[in-house]
2 protein chains.
Amino acid sequence: MKAPSSAPPQSPTEEAQEPRWLTDEEQRVWRSFMEGATLLDDHLDRQLQRDAGMPHVYYGLLVKLAEAPRRRLRMTELAMLAKITRSRLSHAIARLEKSGWVRREDCPDDKRGQFAVLTDQGYEVLRQTAPGHVEAVRQAVFDRLTPQQQKSLGEIMRIIAEGLQPTEAGADLPWLR
Amino acid sequence: MKAPSSAPPQSPTEEAQEPRWLTDEEQRVWRSFMEGATLLDDHLDRQLQRDAGMPHVYYGLLVKLAEAPRRRLRMTELAMLAKITRSRLSHAIARLEKSGWVRREDCPDDKRGQFAVLTDQGYEVLRQTAPGHVEAVRQAVFDRLTPQQQKSLGEIMRIIAEGLQPTEAGADLPWLR
DNA sequence: GGCTCCTCCTTGAACTTTAAACAAATGGCT
DNA sequence: AGCCATTTGTTTAAAGTTCAAGGAGGAGCC
């Protein structure tokens with residue numbers, strides 16, 4: 001991220017041309033982004049750990065389940081929706097199961113498959129902690145941005161997210177550029 | 001984050017009024033944000049773990065050190081710059097020390113104090129991996145956004161970050177609203 | 001000096017995340 | 001049926017993070 005004073009251009013046949021360093025302005029944007037994102041996630045993590053007894057990611061899992069038909073989702077689908085690995089999800093569900101907020105259920109169609117099912121207790125936790133969480137999000141984000149800024153933020157982050165989705169072919173195929 | 005169908009308004013004297021749920025549009029913005037931020041950080045984490053043998057946060061620490069006078073910073077100052085807790089920093093520096101990229105040095109003025117100092121080896125790692133990292137950031141972010149969007153992103157994230165800075169009095173004093 | 005409070009940083013335990021390896025089931029394909 | 005590649009989800013260990021507690025030095029005050 002830092003440009004060592006003056007690096008001379010590489011040989012033209014080298015794959016590594018002079019790196020496209022960030023300009024000062026780009027630097028500022030990038031650092032603001034990282035700082036904001038870090039502070040925000042830490043903030044919400046603490047908020048939820050305190051009020052709901054779980055990290056932000058876990059809370060997000062419960063939300064996805066609550067929105068799903070019959071409050072259940074296949075592990076792989078949940079992992080994709082939540083943008084986390086299956087491994088991470090496995091651990092997370094194990095912990096949420098221990099807390100009594102989620103229960104596993106076998107999939108009748110596919111003996112490999114597992115459903116993660118939101119328990120009534122899990123739904124209750126969500127019901128009780130959701131107001132506090134939305135409020136935290138509002139105070140940290142929406143209350144501070146103009147409608148136009150909110151709209152921009154949505155568009156921008158959607159673009160960034162799409163560029164990184166494993167779904168999008170070409171994203172992991174840089175040699176096709 | 002999810003509004004259970006129709007919750008009746010609370011008693012007016014209750015502190016908990018009807019929660020200010022997010023509108024559908026706000027939901028979309030918020031989810032795009034979380035997804036984008038998650039995917040981006042995971043992506044850069046993998047990129048740096050692969051190419052530099054350390055997580056994104058650790059890389060950021062080396063960058064801060066590289067920019068500091070005499071390539072050294074007091075632990076507390078580094079923690080504040082990097083927006084992480086001192087505890088986390090302690091562990092992180094221990095690991096970076098083991099890797100030979102940072103070294104601790106006692107502070108002459110204050111016997112409690114410690115400097116984290118970037119070693120030559122640490123600087124070298126940075127020099128070699130910085131180009132690849134900037135490139136990753138460019139591809140994921142700057143190459144996809146218009147100049148106007150980049151500017152907006154900077155402004156927006158700066159606002160969010162400022163609202164969460166422990167520095168800003170009033171941020172932790174919600175009763176003063 | 002002695003007292004108290006605060007700051008600086010570390011530590012250890014509990015918890016979460018990652019990466020790699022794995023078993024089991026599925027889905028073609030012959 | 002038999003075979004092989006893929007998909008599904010879990011497991012293990014190592015790495016990273018958090019939280020609460022604590023040692024030690026500094027700073028103000030009597």
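When reading the values below, keep in mind they use all heavy atoms of this one structure, side chains included, and skip hydrogens, waters and symmetry mates. Chain A is the first sequence line, chain B the second, and so forth, proteins listed ahead of strands; every chain is numbered from 1.
In this structure, A:D41 atom CG and D:dG16 atom P are separated by 19 Å, rounded to whole Å. In this structure, B:K98 places its NZ atom 8 Å from P of D:dA15, rounding to the nearest Å. Rounded to whole angstrom, the span from the CE atom of A:M75 across to the P atom of C:dA25 amounts to 17 Å. Nucleotide D:dG25 holds its C1' atom 13 Å from the CD atom of B:Q114, rounded to whole Å. Remark: C1' of C:dC9 and CG of B:L96 are 16 Å apart, rounded to the nearest angstrom. Distance A:E97 CD to D:dT11 P: 10 Å, rounded to the nearest Å. Atom CZ of A:R74 and atom C1' of C:dA25 are 11 Å apart (whole Å). Summarising the geometry, the separation between CG on B:D109 and P on C:dC8 is reported as 13 Å, rounded to the nearest angstrom.
Between the side chain of A:R112 and the base of C:dT26 there is no donor-acceptor pair of N/O atoms closer than 3.5 Å. A donor-acceptor contact under 3.5 Å links the side chain of B:S87 to the base of D:dC19. The base of C:dG12 lies close enough to the side chain of B:H91 for a donor and an acceptor atom to sit less than 3.5 Å apart. Side-chain atoms of A:R88 stay outside donor-acceptor range of the base of C:dT17, with no qualifying N/O pair under 3.5 Å.
Nearest-nucleotide mapping onto DNA chain C: of B:Q49 and A:P55, the residue sitting toward the 5' end is A:P55. Checking A:T76 against A:D42, the closest nucleotide of DNA chain D that is more toward the 5' end is the one next to A:T76.
When the side-chain nitrogen and oxygen atoms of A:R86 are compared with OP1 and OP2 of D:dT7, none of them lie within a distance under 4.0 Å. A sub-4.0 Å separation between OP1 or OP2 of C:dT10 and a side-chain N or O of B:R104 is present.
The residue B:D110 sits close only to the backbone: its heavy atoms come under 4.0 Å of sugar-phosphate atoms, none of a base. Nucleic acid contact for B:R50: none, since no nucleic acid atom lies under 4.0 Å from a heavy atom of the residue.
Grouping the Ile, Leu, Val, Met, Phe, Trp and Tyr side chains by contacts below 4.5 angstrom, directly or via other members, places B:V141 with A:W21.
Residue pairs meeting the salt bridge (Lys or Arg N to Asp or Glu O under 4.0 Å) criterion with at least one member in residues 112-126 of chain A, sequence neighbours excluded: A:D110-A:R112, A:E124-A:R127. The salt bridge (Lys or Arg N to Asp or Glu O under 4.0 Å) pairs that include a residue from residues 80-94 of chain A are A:K83-B:E35, where partners are two or more places apart or lie in different chains.
Residues A:E97 and A:R103 are not paired through a salt bridge, judged by the lack of any N-O separation under 4.0 Å between the basic side chain and the carboxylate.
Side-chain proximity of B:K111 to the nucleotides D:dT17, D:dG25, C:dC9 is greatest for D:dG25.
Remark: B:R104 is not positioned above the aromatic ring of B:F115, lacking an NZ or CZ atom under 6.0 angstrom from the ring centre and at most 45 degrees off the axis.
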